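These notes are about the structure you will find just below.
Letters A, B, ... are given to chains in the order of the sequence lines, protein chains preceding strands, and every chain is numbered from 1. None of the values given here were measured: they were computed from a predicted structure.
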Amino acid sequence: MKTFYITTAIDYVNGSPHLGHAYEKVLTDVIARFRRMMGDDVYFLTGTDEHGQKIQQSAQAQGIEPQAYVDSIAPEFRTMCEKLEISNDDFIRTTEPRHKKVVCELLQQLFDKGEIYKAEYQGYYSTRQEQFLQDKDRNEDGTWPEIYGEVSEITESNYFFKLGAYQEWLVDHIKTNTDFIFPRYRAKQVLEFLSEPLNDLCISRPKERLAWGIPLPFDPEFVTYVWFDALTNYYSAVADKKDLWPASFHVIGKDILVPPHAVYWPIMLQACGLPIPQSILAHGWWSINGAKMSKSTGNFVEPAEFVDQFGVDALRYFLIREMSVGQDSDFSMDQFLVRYNSELANNLGNLVNRTLNMTNRFADATVPEPAEGGEPEATLRAAWQKTHEEVVPLFEQFQFNVGLERAMSFITATNAYIEQRAPWKLGKSQDPADQALLRTALAHMAEALRLGSTLLQAVTPGSVAKIQGVLGYEAGSDWQAELVWDHRLTGNAVAKNCILFPRPEKKS
RNA sequence: GGGCCUUUAGCUCAAUGGUUAGAGCAGGGGACUCAUAAUCCCUUGGUUCCGGGUUCGAAUCCCGGAGGGCCUACCA
C-alpha cells in the first residue's frame with residue numbers, strides 16, 4: 001500500500017509561532033489522524049525553514065551566529081507541535097546535513113543536465129533593504145520610496161533554472177489532474193499565472209550579499225536562494241526512505257500556492273526526473289476580530305497561551321469547526337466562547353457528566369444491559385446511522401467543519417433522547433417495566449456518547465480518550481469498527497464524574 | 001489595466017434550475033431537575049446586494065451595475 005505522505009509548509013523561524021502556524025499544523029494533523037483511522041499507512045512531516053537574509057539579519061542584530069539564532073527559535077516550533085498534540089513522524093530543519101546533502105544532489109544533477117545556467121541580472125538595488133526593486137516599487141513620480149535609501153542600478157551574476165521549458169507540461173498536468181490543487185477553484189489562479197510565459201527562476205545569491213544558505217555545489221561563491229532550499233525539504237526528509245515519495249498532500253497557506261508550490265516545485269521535480277506530489281491543499285487565513293493578523297496592531301493570538309487557558313482540544317476544535325478548508329475565517333474571543341460553551345461544554349461535556357451521574361445514581365456505576373427498547377431508541381439509532389454515513393465522507397473531502405456540525409447534532413439528539421426517556425423519573429418507579437426501560441435508557445445514552453465522541457477523535461483525540469476512559473472503555477485500533485452500534489460498553493464500570501470542558505471564569 | 005472569487009435571517013453559514021429559501025448561535029416563550037445556571041420543546045426573524053433578461057419555474061443560468069476580498073514572481 002502506498003504510504004499516505006502528508007506535509008505542512010516549513011515555518012520560517014524569524015519569529016515566534018502564531019495562530020496561523022498553529023492552524024496549519026492542526027489541520028494537517030487532523031487529516032493525518034483521520035487517514036490513520038481510516039487504515040492508511042501515514043507519514044507526517046513538518047519542520048522549519050532556517051536560511052536566508054532575514055535570519056542572517058536577526059542573528060546579527062542579536063550579535064550571535066545564524067546557527068545559534070535558529071537553534072534558539074526552532075525549538076519553539078517543535079514545542080508548539082507538542083503542545084498542540086501534533087502527531088508528526090518527523091521534523092526537518094533545513095540546516096540539517098541530511099537536507100543540505102539532498103539539495104546539493106538535486107542542484108548538481110540539474111546543473112549537469114544543463115537545466116541551470118549562469119547569467120547576468122541587471123536591476124535596481126537598495127543597499128539599505130538589501131534587495132532588488134522593481135518598477136512597481138516606485139512612487140508615482142518615478143522616485144523610490146524613502147525606506148529603500150539609496151537605490152542604484154547594478155549588474156549581478158547569478159544562476160538561473162530553466163522553468164519555461166516545462167510550462168506546457170505543467171498546464172497540461174493541472175488541467176488533466178483536477179485533484180492536483182485543492183480547493184479546485186484555486187487551480188484557476190495557477191492557470192491564470194501560467195497563461196503568461198514563465199521567466200527562468202533565479203536560484204542563487206552571491207555569497208557577499210547573502211552568506212547564510214547552502215553553497216551551490218558547483219560554485220561555492222554562491223548560496224542557494226529560497227525555493228530550491230525550502231521546497232526541497234519535502235523530498236530531502238524522505239529521500240532515503242522507501243515508498244514515501246511522492247507526497248500525497250502538501251498542506252500550505254494560499255499565499256504560497258502561486259507560484260512556489262504549484263509552479264516551481266512540480267517543475268523542479270519533473271526536471272529532476274522525480275514524481276510530483278499527488279495534491280496540494282491550500283488553506284485560508286485567519287483574521288483576528290476582523291482585522292489582518294499582525295504584530296504591530298497587537299492582535300496576535302499566542303497558541304501556547306490559549307492552550308494553557310482552555311486546553312488543547314478546545315483550540316483544535318475551534319480551528320477545525322470554524323473554518324471551511326480553503327476559505328478565510330475570523331478568530332474572535334466571542335465566537336470562540338460561543339463554540340466552547342454551547343458545543344463543547346454544554347452539549348458534549350454536559351452529556352458526559354450527566355451520563356456518568358445517572359449511571360452512578362441509578363445503575364450502581366455500571367453500564368446496564370439494554371432491553372429491546374421502543375420508538376425513541378429506534379429513532380436514536382437511526383440518527384446515528386445517518387450521522388455515521390454522512391460524516392465519514394465529509395471528512396474524506398476535508399469538510400471537517402460540516403462533519404463536526406453533524407457530529408454535534410447527534411450529540412444534541414442524544415440529549416433529546418434522554419429528555420424523552422427521563423431516567424430520573426424511571427428511577428423513582430418500582431415497576432419492573434420502568435426499571436427495564438431505565439436500564440435501556442442508560443445503556444443507550446452511554447453507547448450514543450461513545451459513538452458520537454468517536455467521530456471527534458481526529459480533532460479532539462485527548463478528550464475522546466478521556467471520555468472512553470470514564471466509560472471504562474478502551475477502544476480498539478480499527479476506528480471504523482468503533483463506529484458500529486453494538487452496546488459493547490455493557491457491564492463497564494464508569495467514573496463518578498468528569499468535567500471535560502469547564503466553563504471559563506467570567507471576566508469583566 | 002487584466003483575471004478570479006464573493007454578497008442569503010442580528011451573526012456564521014447551507015440550499016444537483018423544482019413544494020412554503022433552511023441550520024447553528026443570538027432574541028422571545030414554555031417544560032424539566034440526572035447534569036458544568038445545564039438540557040429539551042415551541043417560536044420571532046428574509047425585497048436571497050440592485051436592475052434587466054432566459055424559463056412553465058431563478059438564491060441558482062445570462063447581461064449590466066454596486067459593495068467586499070484575492071491573484072498578477074519575498075510572509076502560515
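- Taking atom P on both nucleotides, B/G18 is separated from B/G30 by 41 Å, rounded to a whole Å.
- We find that CH2 of A/Trp285 is positioned 13 Å from C1' of B/C71, with the value rounded to whole Å.
- Between A/Asp328 and A/Lys254 there is a salt bridge, since a side-chain N of the basic residue sits under 4.0 Å from a carboxylate O of the acidic one.
- Picking from B/A73, B/C34, B/C25 the nucleotide with the shortest atom distance to the side chain of A/Arg361 gives B/C34.
- Using a 4.0 Å heavy-atom distance criterion, A/Leu500 is classed as a base contact.
- The side chain of A/Asn357 lies closest to B/C34, out of B/A73, B/C34, B/C40.
- The number of heavy-atom neighbours closer than 6.0 Å to CD of A/Glu153, taken from other residues, nucleotides and ligands shown, is above 12.
- The distance between atom NZ of A/Lys496 and atom P of B/C34, rounded to the nearest whole Å, is 16 Å.
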_Audit row: A/Lys425, A/Glu419, salt bridge (Lys or Arg N to Asp or Glu O under 4.0 Å) steps and yes/no_ = CA-CA 10 Å; A/Lys425 281 183 187 163; A/Glu419 297 300 319; over 6 Å; no

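- Atom CZ in A/Arg321 sits roughly 10 Å away from atom P in B/C25 (whole-Å rounding).
- Ionic pairing of A/Arg205 and A/Glu156 is not present here: no N-O contact between side-chain nitrogen and carboxylate oxygen is shorter than 4.0 angstrom.
- Listed nucleotides: B/C34, B/C40, B/U72. Nearest to the side chain of A/Arg354: B/C34.
- As judged by a 4.0 angstrom heavy-atom cut-off over every strand, A/Phe501 is placed among the base-contacting residues.
- Between A/Phe400 and A/Phe398, the angle of the ring planes lies from 30° to 60°, which puts this pair in the tilted group.
- Between A/Leu344 and A/Ile252, the residue anchored closer to the 5' end of RNA chain B is A/Leu344, taking for each the nucleotide with the nearest heavy atom.
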Using a cut-off of under 3.5 Å, enumerate the N/O to N/O pairs linking the protein to nucleotides 3-12 of chain B.
unit_1, atom_1, unit_2, atom_2, d
B/G3, O2', A/Glu192, OE1, 3.2
B/C5, OP1, A/Lys188, NZ, 2.7

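- Following rounding to the nearest Å, A/Asn158 (CG) and B/C74 (P) show an atom-to-atom distance of 15 Å.
- Spacing between atom CG of A/Leu257 and atom C1' of B/U72 amounts to 13 Å, rounded to whole angstrom units.
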*asked:* Using the rule given for side chain to side chain donor-acceptor pair (under 3.5 Å), can you reason through A/Asp229 versus A/Thr224, listing the C-alpha separation, both sets of side-chain angles and the distance that settles it, and then say yes or no?
replied: CA-CA 6 Å; A/Asp229 183 351; A/Thr224 311; over 6 Å; no

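- Stretches of at least 3 consecutive Watson-Crick or G-U wobble pairs, with each checked distance under 3.5 Å, appear in RNA chain B as B:1-7 with B:66-72, B:10-13 with B:22-25, B:27-31 with B:39-43, B:49-53 with B:61-65.
- Salt bridge present: A/Lys386 and A/Glu390 bring a charged side-chain N and a carboxylate O closer than 4.0 Å.
- Listed nucleotides: B/A73, B/U39, B/A23. Nearest to the side chain of A/Asn350: B/U39.
- Look at the C1' atom in both B/A14 and B/G52: the space between them is 28 Å, to the nearest Å.
- In this structure, A/Arg339 forms no cation-pi arrangement with A/Phe318, as its terminal cationic atom is not both closer than 6.0 Å to the ring centre and no more than 45° off the ring axis.
- Note: A/His21 and A/Phe77 have perpendicular aromatic rings, judged against thresholds of 30 and 60 degrees for the angle between ring planes.
- Residues from residues 415-423 of chain A with heavy atoms under 4.0 angstrom of RNA chain B, sorted by number: A/Asn415, A/Ala416, A/Glu419.
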*Mind running salt bridge (Lys or Arg N to Asp or Glu O under 4.0 Å) on A/Arg93 and A/Asp49 for me, showing each step along the way?*
CA-CA 6 Å; A/Arg93 301 176 54 186; A/Asp49 180 10; over 6 Å; no

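- Residue A/Asn199 is classed as a base contact, given a heavy-atom separation below 4.0 Å to a base.
- Contact check on A/Lys428 versus A/Asp434 returns no salt bridge, with no Lys/Arg side-chain nitrogen under 4.0 Å from an Asp/Glu carboxylate oxygen.
- Note: OH (A/Tyr12) to C1' (B/C74) measures 9 Å, nearest angstrom.
- The residue A/Lys25 sits apart from the nucleic acid: no heavy atom pair falls under 4.0 Å.
- Ring geometry for A/Trp227 versus A/Tyr264: interplanar angle of 30 to 60°, hence tilted.
- As judged by a 4.0 angstrom heavy-atom cut-off over every strand, A/Thr412 is placed among residues touching the sugar-phosphate backbone only.
- Remark: side-chain polar atoms of A/Tyr340 are paired, donor with acceptor, to backbone N or O of A/Pro502 under 3.5 angstrom.
- Rounded to whole Å, the separation between the P atoms of B/G65 and B/C13 comes to 27 Å.
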